4 protein chains.
Amino acid sequence: MLCKRWTRRKEARPQEILEAALGLFVSKGFAATKMTDIAKAAGVTSGTPYIYFAGKEEIFEAVMREILLPQLTIGHELLASFQGNSADLLKAMLKTWWQAMGESQLSAFPKLMIAEGSNFPQIAKIYQEEFVTPGNKILRHILERGMASGEFKVPDIDYAIEVISSPIIVAMLMKHSLINCLPDTLEPERFLNTTIDLLLNGLLASPKDQAHE
Amino acid sequence: MLCKRWTRRKEARPQEILEAALGLFVSKGFAATKMTDIAKAAGVTSGTPYIYFAGKEEIFEAVMREILLPQLTIGHELLASFQGNSADLLKAMLKTWWQAMGESQLSAFPKLMIAEGSNFPQIAKIYQEEFVTPGNKILRHILERGMASGEFKVPDIDYAIEVISSPIIVAMLMKHSLINCLPDTLEPERFLNTTIDLLLNGLLASPKDQAHE
Amino acid sequence: MLCKRWTRRKEARPQEILEAALGLFVSKGFAATKMTDIAKAAGVTSGTPYIYFAGKEEIFEAVMREILLPQLTIGHELLASFQGNSADLLKAMLKTWWQAMGESQLSAFPKLMIAEGSNFPQIAKIYQEEFVTPGNKILRHILERGMASGEFKVPDIDYAIEVISSPIIVAMLMKHSLINCLPDTLEPERFLNTTIDLLLNGLLASPKDQAHE
Amino acid sequence: MLCKRWTRRKEARPQEILEAALGLFVSKGFAATKMTDIAKAAGVTSGTPYIYFAGKEEIFEAVMREILLPQLTIGHELLASFQGNSADLLKAMLKTWWQAMGESQLSAFPKLMIAEGSNFPQIAKIYQEEFVTPGNKILRHILERGMASGEFKVPDIDYAIEVISSPIIVAMLMKHSLINCLPDTLEPERFLNTTIDLLLNGLLASPKDQAHE
DNA sequence: TATGAATGAGAATTCATTCAT
DNA sequence: CATGAATGAATTCTCATTCAT
């Protein structure tokens, strides 16, 4: 309190505040996170966040812009560089997303948006337009690639995109909800593999399965 | 003072309050719903809900017990009475669930539990134990039925259940979140059909597809 | 609720309500006693007390008038009929008061008046004028009787009255306060005897003591 | 918004709040004192007391700890330093107590504890254990000193303590109750003198009295 | 008379935000 | 820039009282 050992680079402050805020939003939700807690977690006092941000909502938005949105580039990079068939690309993409988001604090974002989205339409809009839609575009690209090569047969591409992304989204939600949690805890590896297997091969037993494996 | 008081709906009151509450929880979330709003929406004044329920949380729980949980019987009835192959049973079950929940206000429950579950572990527990788990059991039953008849090939049944239920859950969430909403609005029929097609047949083009259709 | 076995004499209602109220005031205090509780304890429903009394405060006043004040006659009767020396009369009077009030629910009255008196000056005034003052007059009468006979030597009669009544009052308060309660519980017999001994003989050791006992 | 905010009394605030609270508790009782009143009386707004205290009950407890309990040391100091006979010590002690409590706002404490003790057993316990019991110990000490020197003859020491303290307690109660108040107001000097005279010499006229005066 | 559902003013408490220092 | 004490609007919940039946 009285002694700050080393004078902080002031330019780091906003980033520190955003990281503190993300951690708290993740663990307690937006409404239950007090500004004072964010300040404390960032090592400053209650008034300081207001120097950099207009209020709690703006911090939420900034967290999204500064921390979440940059993750999309990982998907684009994978898409641009991937060599191989489309099934493997889809697998790789889902795994990449899980690693980038599911295994980090960012997995809380779907929950946050679902919980608070309707209270903050402005933020929901940004999330939708700058994260969900681009993400869906990547998926669409993969599906079209697979269809073009004759590898995939996609019944209804707009909706298939939603179906394909659902399991990953649900897995992220489960990490932050107490609920839905199978026996006890989700094993991501098994979950991802099962997801990919089902999405590629379906439930129906058939010659294809034998052929494929 | 200046009132009509007592239009003698009496024993209907609790139900009216629960319905009003559900409507508000659905549209604004639990935290953002004020007790006064519930009262007003039910056509009473602020004190009345407290005659029947101890507080907001208890209203939430009652909504779940009185309105959500009874829906499970629909699934059980379908399961008991269905004659036909397992793929058709799965289709029928997903359609039934969508009709019972997805097309009613109950579709808000997944959202509510995700948003508020960690604040009300007691309620989350009931939801999990009395709704999710029984629902999963029904799905497991269908999968086992299909496996026994040689119709299904299920990679990892515990996780497959989660994967299969994910699209429906996500569809419900989308109805109440502003986000994720493809172009504009979800067409449930197309969504369901796509879901079922993908889950049964997978994405991969193959002889099976031709065979099946 | 639905069946009242025997139709109550309606004239008994107000009295029943007052007795129920006294019991609750005694055990929970005035503020913490809800009108609904009084009604329930009297075997009627929440609206009924209002047929007979204007409100909670009026019930309090009525309890005092109907139940407490009549006790004073016991003191007057003792005073009128007592034959013997004044020390014995004082002893008898203190014991009588203790029996009439200390050992009944009425012992709660001093506590109630102390706790609530300043919120209900009207009631405090009645208590003062119609109970305390007459009680003090009785004591004064006894002291004057003792002084006239040469039995008592009273330093300052107005204040002596207060001193003499204090231990009984405190004993009543202790019964209703959790506090002050010596080792564990007060033995009224020992307390009264000690009070009387001290008030008559004082603490100082002296020839008088030997002479007296 | 339109404020002076912050006249920087800072570390004085808690004390100011306690003093404001004591004043209000004294004049209106605990239940009738609203947090807003305390705040206003302390010159702050409604939220400020909650910065320093968890709620009304904690303020009550703090008032007792910070303002009442320290008074006991006065009694201990007198006991330790007094030279003279035990009757004079008893007189001195009663006068000291009256000055320390009876003539200050602290005289309201017996009333507060009687009125609210049963609603706050925790606080009543502290009052009993840290104030009443130590106070009684001091009295016991004086009585034992007088008995050892042959000056006092005490019939039943446990109960005598209660009898001896009763008049002072009642006097404090009278200051805060509207009731019991002789003609009009109590003259403490006369009350104390009468108390001491009666407790030492008793009512009975006898040779001792002549001898003593 | 009696009922008891409903009223609604009132009190405690919380916390995002401000601004004197 | 940073502080952190103070603000005060907002919200939950209580209960004495009313009055349609």
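Keep in mind that this is a model prediction, so the values were computed, not measured. Every chain is numbered from 1 and lettered A, B, ... according to where its sequence line falls, protein lines coming before strand lines. Both backbone and side-chain heavy atoms feed into the values below; hydrogens, waters and symmetry mates do not.
At E:dT13, one or more side-chain N or O atoms of D:Tyr50 fall inside 4.0 Å of OP1 or OP2 (strictly under the cut-off). OP1 or OP2 of E:dA2 has at least one side-chain nitrogen or oxygen of C:Tyr52 nearer than 4.0 Å. Note on A:Thr48: a side-chain N or O is less than 4.0 Å away from OP1 or OP2 of F:dT3.
Per the geometry, CD belonging to A:Glu58 stands 14 Å off C1' belonging to E:dT17, to the nearest Å. Rounding to whole angstrom units, NZ of residue C:Lys40 and P of F:dA16 are separated by 12 Å. Taking atom CZ of A:Phe60 as the reference point, atom P of E:dA16 lies 15 Å away to the nearest angstrom. Rounded to whole angstrom, the span from the CG atom of B:Asp37 across to the P atom of F:dA10 amounts to 13 Å. For the pair A:Arg13 CZ and F:dC1 C1', the computed distance is 9 Å after rounding to whole Å. Atom pair D:Leu24:CG and E:dA11:C1' shows a separation of 15 Å (rounding to whole Å applied). As rounded to whole Å, 10 Å separates atom P of F:dT17 from atom CD1 of C:Ile38. Atom CZ of A:Phe53 is separated from atom C1' of F:dC1 by 15 Å (rounded to the nearest Å).
Here, E:dT1 and F:dT21 have their C1' atoms 13 Å apart, quoted to the whole Å.
Relative to the side chain of C:Thr45, the nucleotides F:dT17, E:dG4, F:dC15 differ in distance, and E:dG4 lies closest. Side-chain atoms of C:Ser46 lie closest to E:dA5 of the nucleotides E:dA5, E:dT17, F:dT7. Closest to the side chain of D:Ile51, from the set F:dT18, E:dA2, F:dT7, is F:dT7. The listed nucleotides are E:dA16, F:dT7, E:dA11; the one nearest the side chain of A:Lys34 is E:dA16.
Judged purely by distance below 3.5 Å, without hydrogens or angles, the side chains of C:His176 and C:Ser107 pair a donor atom with an acceptor atom. Side chain to side chain, B:Thr45 and B:Lys40 fail the donor-acceptor criterion of an N or O pair below 3.5 Å. Side-chain N/O atoms of D:Ser46 and D:Lys34 include no donor and acceptor closer than 3.5 Å.
Both C:Gly55 and B:Gly47 sit near DNA chain F, but only B:Gly47 has its closest nucleotide nearer the 5' end. If D:Ala31 and A:Ala54 are placed on DNA chain E by their nearest nucleotide, the residue sitting closer to the 5' end is D:Ala31. Comparing A:Glu57 and D:Met35 by the nucleotide of DNA chain E whose heavy atom lies nearest to each, the residue mapping closer to the 5' end is D:Met35.
Using cut-offs of 30° and 60° on the angle between ring planes, the pair B:Phe109 and B:Tyr127 is parallel.
You'll find the ring centres of D:Phe120 and D:Phe30 inside the 6.0 Å limit.
Between D:Arg65 and D:Glu130 there is a salt bridge, since at least one side-chain N of the basic residue sits less than 4.0 Å from a carboxylate O of the acidic one.
Both distances falling under 3.5 Å, in either a Watson-Crick or a G-U wobble arrangement, place E:dA5 opposite F:dT18. The pairing partner recorded for E:dA12 is F:dT11, the criterion being a Watson-Crick or G-U wobble arrangement whose two distances lie under 3.5 angstrom.
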